[in-house]
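What follows is a short report on a single structure.
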Amino acid sequence: MRIARTTLVLLLANLVAFGLVWRATSAHRQTVASQDLLFPAALAKIELTESGQKLVLEKRPGSWRITAPIEWSANLWAVQRLLDEIRFIDGDKGFATAETKAAGGSLATYGLATPRWTLRTTSDAGATLEVKIGENKDTRRLFLLTADGSRIIPLGDAMAAALEAKPESYRVDKIFEIADFEVRTVSARLRQKDGDSVTSLSYEERTRPGRKNQGPEWRFEAPFDALADPDRATKAIADLSNLRAVKFAEADEGETGLATPELRVGLEGNSRRQVLLIGKPKVGAPAQRWAKLEDNASLFLVEAKALAEWENPKATLASARPADFDPELASGLTITSAGRFITLHRLDASGAEPRWEIPVAPGSTATKRREADGKLIREFLTALTRLRATLTGPTATPALVPAGQLPAEPLHKVEVEFGGDRLALSFYAAPAPAAPGSLLVHQKGAPLAAVCDISLLRNAQAAVDPKAWRNRELAELAAGAKVTGLRLTEKADGKVIGEARLGPDGNWAGTGRLDPANSRRLATALMQVRATEFPTRDIGAGDFRYELRITDQVAAGATGASESFRTYLCTAPLNRTAVLVRDEGDGDDFLLEASLAEILIPLLGTDGR
C-alpha cells in the first residue's frame, strides 16, 4: 500500500505544529490566583462580644459547643455558617487606615471608634487573632479593623447576618448528647408520697436457658431482675435519647418545680452520664413540663407525653413474653395437669424432624414406650415462645401481674429441658376481666406473670395422655416392599366383604368389593398408614365392625421373599372422611388419615353416617 504525497506532507506539518505548541507551553509558568486569608483555616474557638455580652463557641471532637453565655451543644449548621464567613475574609480587600485619615475621614466613619463587636479566634495550633467590627450608622454596612489597625475591610450581608444572630440560635433543641446507640444504662426515679420509685435498665449480655450465642439485650436491674421488651424498650430509649426541647425559656423555681423534681431520667454511655430533671407542668399549657439537665442552668419545656413511658417503665417496658427460648435446643419436655404428668425425651437431631420418644417414667401416664411426633412437639414449643401478654387500656400496656399475687397451685405446668438447664412455666386462671381463652402464664423465678391468649397452644399444656403425643406415622413399608394381599370381613360373623391377591404378573385379582381396581388403589394407599388423631375421649364411633387383614411382602433376598401381616379393626364410618381404626398389634384407637379413609370407607358398604 503506497502513502500519498499529500498525506505525508500533512502528517509532517502536524508533528511540527505539536512540537511548537509543547515548547511554548512547557516554558510557561501558570500564575495561581491566591487569597491572603485573614483568619486561620482551622479554628478551635470563636469569641464574639457585643455590648459586654459574650458568645463563646468551642470545638469538641465531632461537634461544637456553646460555653458562654450558656452551656449547651451548638447547632452545627449555624456554627458552620459563621465559620464559612470568617474563614473567607480576604486580607487584601478593603483599604489602608492611613488612606482614610489622609482623605479627612476617621475610624468613627466606619463605626470603628467604638466597635459594635469584638471577634477573637483561636486556631487549632493555639494562635489567637482579635479584630474589631463596626457599623456605619448611615448605610448600616459593617467594616472590620485588622488586629494591627492598619487596614479596614468591608463585610458582606451574609457576615452581617451571622454576627447579628442571637446566642439562642446557635443552640440545638436536642437535649441529650449521648446517641441512642451509645446508651448502655437508663435510670428513672419518680418522686412519690411514700418514697421514690427507682427503675434501672442496662444493656448487657447474659447466658439464659434455651438460648445459644445470646447477644446483649435490655434488662431491668431495679426494681427486679427481668428482661425488658426488646421492641418497646429499644424504641423508648431511642425516643428518650433524641428528646427535644419545645422551647427554651426562663422561670423561677416556684413555677418550674425543679428544686425538687418529680422525675429524674438518666442516660449513661460512652463514659458519659446525663440526667434530665422534670418539674411541674407549664401554667396554661399542661401538655408541656419544665425541665433542665442536671448541672446545667438552661431551662426548657418538653412534651409531657414523650415521658409517659418513664413514669412507670416496669409496667410499660417489661417483657410481654413469659417464655423466650429456641425450640430447636430443647432436649426434654414434661407436662403436668390435674395431678398427672407425661415426659417426652428427644432422641436425636437427624433428619428433617428430630426424633422424640414417650418413655415409661415412674408415675407418668405412659405405660408403654412409644415414639412421639416430633412435628407436634416442635409446634407446641414454638407456640410457647409466641405467647404474649394481652394489651390493655388506651396505651396498650401489657397485662402483667406481680408473681406475689399468683394463686397457690397452677392448673398446668410445662417444664422444658435444655441439657442440664430447665425452664418451668406454670399456667393459672386469669384474673377478671380477662378475655375467654386466656390464662396467666408465669416462668419460674420471673417477677411478673403475663395474661396470655393460649389458643395457639391448642390445649397442649394440659395434654398428659400419651395418645396426644404419639407419632402419627404408624406404618410405612420399606423400599422394595409391597402389599400383596387384602381381606376385608365383618367382625361379627366373619363374612367376607372382599378379598384380593397380587399375582406374579403384577395384576390384582379380587372378589366382592375388592375388585382389581379398588384393590390396587387400596394397596397403594396402605403402604403408608398415618393417623390424624388419637382420641383421648369417646367420640361416639361405637364398636369395631370390620376387620382388614393385609399381607406385606418384603423385597426378595438371598433366602427369597418373606411375608408379614397387619390387621386393622374399623368402626362404622363417622362421616365420609373419618373412620376410627385400631391396629391389633398396638391397642390405641386412631382416626385414619383422610386420604386413606376416603378410599376405605366406600368399601365398608357405607359412605358414612
Side-chain angles (χ1 to χ4, degrees), residues 370-371 373 375-376 379-380 455-460 463 465-477 481-502 507-552 565-609:
R370 306 267 190 195
E371 185 165 350
D373 193 312
K375 181 180 179 182
L376 281 178
E379 289 174 351
F380 174 59
S455 58
L456 278 174
L457 303 183
R458 293 181 292 187
N459 208 38
D465 193 310
K467 293 180 182 180
W469 301 101
R470 275 203 61 180
N471 190 352
R472 268 51 176 168
E473 195 80 37
L474 299 177
E476 184 174 9
L477 297 187
K482 57 187 175 181
V483 175
T484 59
L486 298 169
R487 181 182 174 87
L488 182 61
T489 61
E490 291 189 5
K491 192 171 182 295
D493 55 10
K495 179 183 176 182
V496 177
I497 298 174
E499 188 170 6
R501 189 79 185 178
L502 180 65
N507 294 318
W508 281 88
T511 61
R513 294 177 190 160
L514 289 175
D515 58 37
N518 285 332
S519 299
R520 181 177 297 278
R521 189 178 176 210
L522 180 60
T524 301
L526 286 170
M527 293 185 68
Q528 183 183 57
V529 178
R530 286 185 54 84
T532 57
E533 182 186 349
F534 290 89
T536 57
R537 54 182 175 77
D538 185 4
I539 60 174
D543 296 332
F544 291 102
R545 294 173 55 181
Y546 307 98
E547 179 179 288
L548 176 62
R549 184 175 175 83
I550 305 163
T551 304
D552 299 322
F565 302 95
R566 289 179 280 161
T567 301
Y568 295 107
L569 303 179
C570 309
T571 66
L574 296 168
N575 53 51
R576 294 179 183 275
T577 60
V579 60
L580 190 66
V581 178
R582 175 187 294 171
D583 184 341
E584 272 199 338
D586 186 304
D588 283 346
D589 303 342
F590 61 92
L591 288 172
L592 198 60
E593 188 180 43
S595 60
L596 179 52
E598 288 175 348
I599 298 172
L600 178 61
I601 287 173
L603 302 178
L604 300 179
T606 174
D607 287 337
R609 299 176 185 177

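All values derive from a computational prediction rather than experimental measurement.
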Looking at Leu574 and Ile539, what are the two nearest heavy atoms and their distance?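 Closest approach of Leu574 to Ile539: CD1-CD1, 3.7 Å.
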Determine the minimum heavy-atom distance between Arg566 and Ala475, stating which atoms define it.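 Smallest interatomic distance, heavy atoms only, reads NH1-CB, 3.7 Å.
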Check: [X] side chain, [Y] main-chain N or O, donor-acceptor pair, under 3.5 Å:
| X | Y | answer |
| --- | --- | --- |
| Trp469 | Ala463 | yes |
| Arg513 | Leu603 | yes |
| Thr577 | Ala594 | no |
| Asp465 | Ala468 | no |
| Tyr546 | Leu569 | no |

To the nearest 0.5 Å, what is the distance between [atom1] on [X] and [atom2] on [Y]?
| X | Y | atom1 | atom2 | answer |
| --- | --- | --- | --- | --- |
| Leu526 | Leu522 | CG | CG | 4.0 Å |
| Glu533 | Leu580 | CD | CG | 9.5 Å |
| Phe544 | Glu584 | CZ | CD | 10.0 Å |
| Asn507 | Ser519 | CG | OG | 11.5 Å |
| Arg549 | Leu486 | CZ | CG | 11.5 Å |
| Ile599 | Asn518 | CD1 | CG | 9.5 Å |

Any pair with a residue in residues 485-497 that passes salt bridge (Lys or Arg N to Asp or Glu O under 4.0 Å), sequence neighbours left out, goes on the list, sorted by first then second residue, please.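 For residues 485-497: Arg487-Glu499.
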Would a 4.5 Å heavy-atom cut-off, applied to side chains only, mark Leu600 and Leu548 as touching?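 When only atoms from C-beta onward are counted, Leu548 and Leu600 do touch, with a gap below 4.5 Å.
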Distance-only criterion, 3.5 Å: show the donor-acceptor pairs between side-chain atoms of residues 586-593 and protein atoms not counting sequence neighbours.
residue, atom, partner, partner atom, Å
Asp586, OD1, Arg370, NH1, 3.0
Asp586, OD1, Arg370, NH2, 3.3
Asp586, OD1, Arg470, NH1, 2.9
Asp586, OD1, Asp588, N, 3.1
Asp586, OD2, Arg370, NH1, 3.2
Asp586, OD2, Arg470, NH1, 2.9
Asp586, OD2, Arg470, NH2, 2.9
Asp588, OD2, Arg370, NH2, 3.3
Asp588, OD2, Arg470, NH1, 3.1
Asp589, OD1, Arg582, NE, 2.6
Asp589, OD1, Arg582, NH2, 3.1
Asp589, OD2, Arg582, NH2, 3.4

Holding to side chain to side chain contact (heavy atoms under 4.5 Å, CB included), I want the full list of residues that pass it with Ala509, two or more places apart in sequence or in another chain.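 By the side chain to side chain contact (heavy atoms under 4.5 Å, CB included) rule, Ala509 matches no residue at all.
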Apply the test side-chain contact (heavy atoms from CB on, under 4.5 Å) to residues Leu514 and Leu488: give CA-CA distance (whole Å), side-chain angles for both, the deciding distance (0.1 Å), then the verdict. CA-CA 8 Å; Leu514 289 175; Leu488 182 61; 4.2 Å; yes
How about NZ on Lys375, more than 12 heavy atoms from neighbouring residues, nucleotides or ligands closer than 6.0 Å, or not?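 No, not enclosed.
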